[in-house]
Amino acid sequence: MTPHETQLLAGLLLDPSKIADVARTVGVEDFSTGHGRAIYAAFVDLADRSFSPADIVEHVRRHAGLPLDLPHVNELMDRAATSVHVIDDARRVREGGLARRRAEKIEELHRRQRRGDDLRPVLRELQALVDPSEDEPEIAPLKAKGPAFPTTALPPVLHDYVIARATELQVPEDMIAMAVLAVLASAAQRRWYAQVRPGWIEPLSIYVVVALGPGERKSSALKSVLRPIRAWEKDMARITDGEIAAASTRRDVLEGQRQAAIRKSNRSEAEALARELAELHVPRTPRIVVQDTTSERLAALLQEHESLGVFSAEAGIFDRMRGRYTRVGTDFEVYLQGHAGDTITVDRQTRETVRVEHPALTLGLLVQPEPLHNLASVPGSAGTGLLARFLYSLPEPRSGFREHDPPPPEAPHSIVTAYEDAVRRLLGDDPDSERQVLAFQPEARQEIQRFAAKIEPRLRPGGDLELHGWGSKLAGATARIAALLHLADVGRPPVELLAVRRAIHIAEYLIDHARIVFRLMGGDPHEALQDPLIAAIDELASENKQDWTSTTILEALKRRGLPDIPSTARGMAAKLELLRPKLDSIGVRVVERRARRKHIFHER
């Protein structure tokens, strides 16, 4: 089998829920070997029920008459670290199958030509393979053009680093800037809370996801921005190694003495030693960041360290969130509670319960776009608020536009050092320090409250920020970003007005990218209504009418049989107000005639 055929079968073994989608694109004939065709046919036949590798073996032996053993299937499954590339592998298998069949038809065409046979039947078959039916399903990639990251909104130490590193690696500034925000959060969340005002407290955790295609140097970008954290972890490990070894030895000695006391039936001594063991503190090796890991393991790590950042240039974490067989529950729980700072409790049958009172979890994910589709399709990902917790970025790709002769300059040492020093200051020197409150100046507080008030109407049903709850978390996310920017720039309380204004500038960027992501995932009903609304206005204009009420517009939309439209004229009026910028751009004015009643004037 080809590598893509092997990866496709391995991915389907890992996530059988994708068999139905793949079967719409890939046929049995697209595989190059008999075993590949037989195994894939078994997947398709068994897709409507739960099955095991043993079921696959039995199906292949019974229906294809081919030798296949269980270790071979298990070995195939071990080759799939993640199932996120299944759709891409399916396309490539389909393309490979078409190419082979085209080559076979061309060879048959030559044979017929040499024999003087009729060529028309083969030519028709070849034409069908060269120009497949338009009815063949297409899986649209998640891509759209949003605004560039406002690098000028960053404090100088971050601004200079983002530009220098993006230039050196020839990657989008968006990717470096978003990753830097996640680094700052991972460093600061263990030492600070943000308090906008009494009663409004935000942990400094953020979830960042940057979606870019293959070949965009995501791993190199992550490695570079994480350097100061990695260096801090190594320094702390050197400092604590001796303390950990001494405490561990003391613990082992005490445990040995306790066991000896038990054997001698010396109850009082055994109890005294047990109390001493309970009070003995064994230091832990400080840790700030981890790579992709399971939800259960992540909960255990948070219990040990309380504050962590998960960074990855692969999308396996989305598979872990989904659960191996698309189940929900504790797979989401760690991520939901870790972002909010709420208590995490994971009950396990064979081991003790994991409980984290004040978790702080940051995600910095630089992934290919497809996993966002996968995550959005999981039941519960929207309803639980998981999708609403992410800050999305869809940068313009640089692959294919990079320079090689001469190569770009390296990031200046002074700029890199300034950035790394800023991160080290956030980390501090005490791995066990208590979190402190980071208050906002009155002017900064007023500015963030004005921003929250400004976006509030956009959260209403039909509003452009009604994105599965994403907009309702925007003010809090903006406050978190403001606190991070202030700490990187100034390093001490309180948060100043300038930091809030910088954060609001970044929030406007995040709004545009979130709307693109949710629209492409099918989650932006406001955007979905835009084109039908304009079509309805054109229909009314063709009747030589120049003035309509919101009721008239609503009736026109209902006549078109559109779903998910406002149920009342008042709701339609609110929708028109939100669409005002778009309508203005095409010469349609929305004006107020009476309270809560919009009139439409067509000026084209």
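Keep in mind that what you see is a predicted model, and the values were worked out from it rather than measured.
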Handout entry: Partner residues of Glu173 under the salt bridge (charged side-chain N to carboxylate O under 4.0 Å, His left out) criterion, sequence neighbours left out
Key =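 With neighbours one apart ignored, the set is empty.
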Problem - Listed partners of Asp235 passing salt bridge (charged side-chain N to carboxylate O under 4.0 Å, His left out), at least two apart - result: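 Testing Asp235 for salt bridge (charged side-chain N to carboxylate O under 4.0 Å, His left out), a comparison that skips the adjacent residues, returns Arg238, Arg424.
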Just how far is it from atom [atom1] of [X] to atom [atom2] of [Y], taken to the nearest 0.5 Å?
X	Y	atom1	atom2	result
Arg227	Tyr419	CZ	OH	10.0 Å
Ser393	Leu181	OG	CG	10.0 Å
Leu426	Leu484	CG	CG	8.0 Å
Ile506	Ile481	CD1	CD1	6.0 Å
Gln368	Leu212	CD	CG	9.5 Å
Ile288	Leu226	CD1	CG	11.5 Å

Residue pair [X] / [Y], side-chain heavy-atom distance below 4.5 Å:
X	Y	answer
Leu8	Val22	yes
Pro172	Glu396	no
Ser295	Glu333	no
Val367	Val210	no
Phe311	Leu363	no
Val500	Phe451	no
Glu508	Pro147	no
Ile39	Phe43	yes

Only one of [options] passes side-chain contact (heavy atoms from CB on, under 4.5 Å) with [X]; say which it is.
X	options	result
Phe390	Leu365, Leu510, Val208, Val517	Leu365
Leu366	Met175, Glu314, Met178	Met175
Tyr392	Val209, Ile511, Ile516	Val209

Looking only at atom types and distance, does a side-chain atom of [X] sit under 3.5 Å from a main-chain N or O of [Y], one as donor and one as acceptor?
X	Y	answer
Arg190	Leu427	yes
Gln170	Glu403	yes
Glu5	Ser32	yes
His305	Val289	no
Arg100	Asp30	yes
Trp470	Gly385	no
Gln189	Leu308	yes

Applying side chain to side chain contact (heavy atoms under 4.5 Å, CB included), name anything that partners [X], two or more places apart in sequence or on another chain.
X	result
Ala41	Val28
Arg501	Glu447, Leu497
Ala177	Phe149, Leu154, Val162

Handout entry: Whether over 12 other heavy atoms sit under 6.0 Å from His404 NE2
Key = yes
Practice task
Kindly check if the number of other-residue, nucleotide or ligand heavy atoms within 6.0 Å of CZ (Arg111) is above 12?
Solution key: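 Count over threshold, so yes.
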Practice task
May I have all residue pairs that pass salt bridge (Lys or Arg N to Asp or Glu O under 4.0 Å) and include part of residues 478-487, sequence neighbours excluded?
Solution key: Glu202-Arg480
Problem - Pairs flagged by salt bridge (Lys or Arg N to Asp or Glu O under 4.0 Å) wherever residues 204-225 is involved - sequence neighbours left out - result: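 Residue pairs passing salt bridge (Lys or Arg N to Asp or Glu O under 4.0 Å), neighbours aside: none found.
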Check side chain to side chain donor-acceptor pair (under 3.5 Å) between [X] and all other residues, then give those that pass, not counting sequence neighbours.
X	answer
Ser219	none
Ser186	none
Tyr161	Arg165
Arg297	none

Tell me the closest heavy-atom pair linking [X] and [Y], and the distance in Å.
X	Y	result
Ser224	Leu169	OG-CD1, 4.0 Å
Leu485	Ala499	CD1-O, 4.3 Å
Leu222	Ala313	CD1-N, 3.6 Å
Ala507	Leu474	CB-CD1, 4.2 Å
Leu361	Val334	CD2-O, 4.1 Å
Thr167	Pro409	CG2-CD, 4.3 Å

Problem - Pair Ser312-Gln291, side-chain donor/acceptor within less than 3.5 Å - result: no
Practice task
Answer with yes or no whether the side chains of Asp174 and Tyr509 bring together a donor and an acceptor at under 3.5 Å.
Solution key: yes
Exercise for the section: List the steps, then state whether salt bridge (Lys or Arg N to Asp or Glu O under 4.0 Å) holds for Arg92 with Glu95. Expected result: CA-CA 5 Å; Arg92 293 177 183 271; Glu95 291 167 0; 5.5 Å; no
Practice task
Decide yes or no on side-chain contact (heavy atoms from CB on, under 4.5 Å) for Leu391 and Tyr207, but give the supporting numbers first.
Solution key: CA-CA 6 Å; Leu391 306 178; Tyr207 287 4; over 6 Å; no
Exercise for the section: Applying ring-ring contact (aromatic ring centres under 6.0 Å, His included), name anything that partners His486, two or more places apart in sequence or on another chain. Expected result: none
Exercise for the section: Flag the pair Arg37 and Glu29 as a salt bridge only when some basic side-chain nitrogen lies within less than 4.0 angstrom of an acidic carboxylate oxygen. Expected result: no
Exercise for the section: Decide, yes or no, whether a salt bridge links Asp489 with Arg502 under the criterion of side-chain N to carboxylate O below 4.0 Å. Expected result: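 Salt bridge flag = yes for Arg502 with Asp489.
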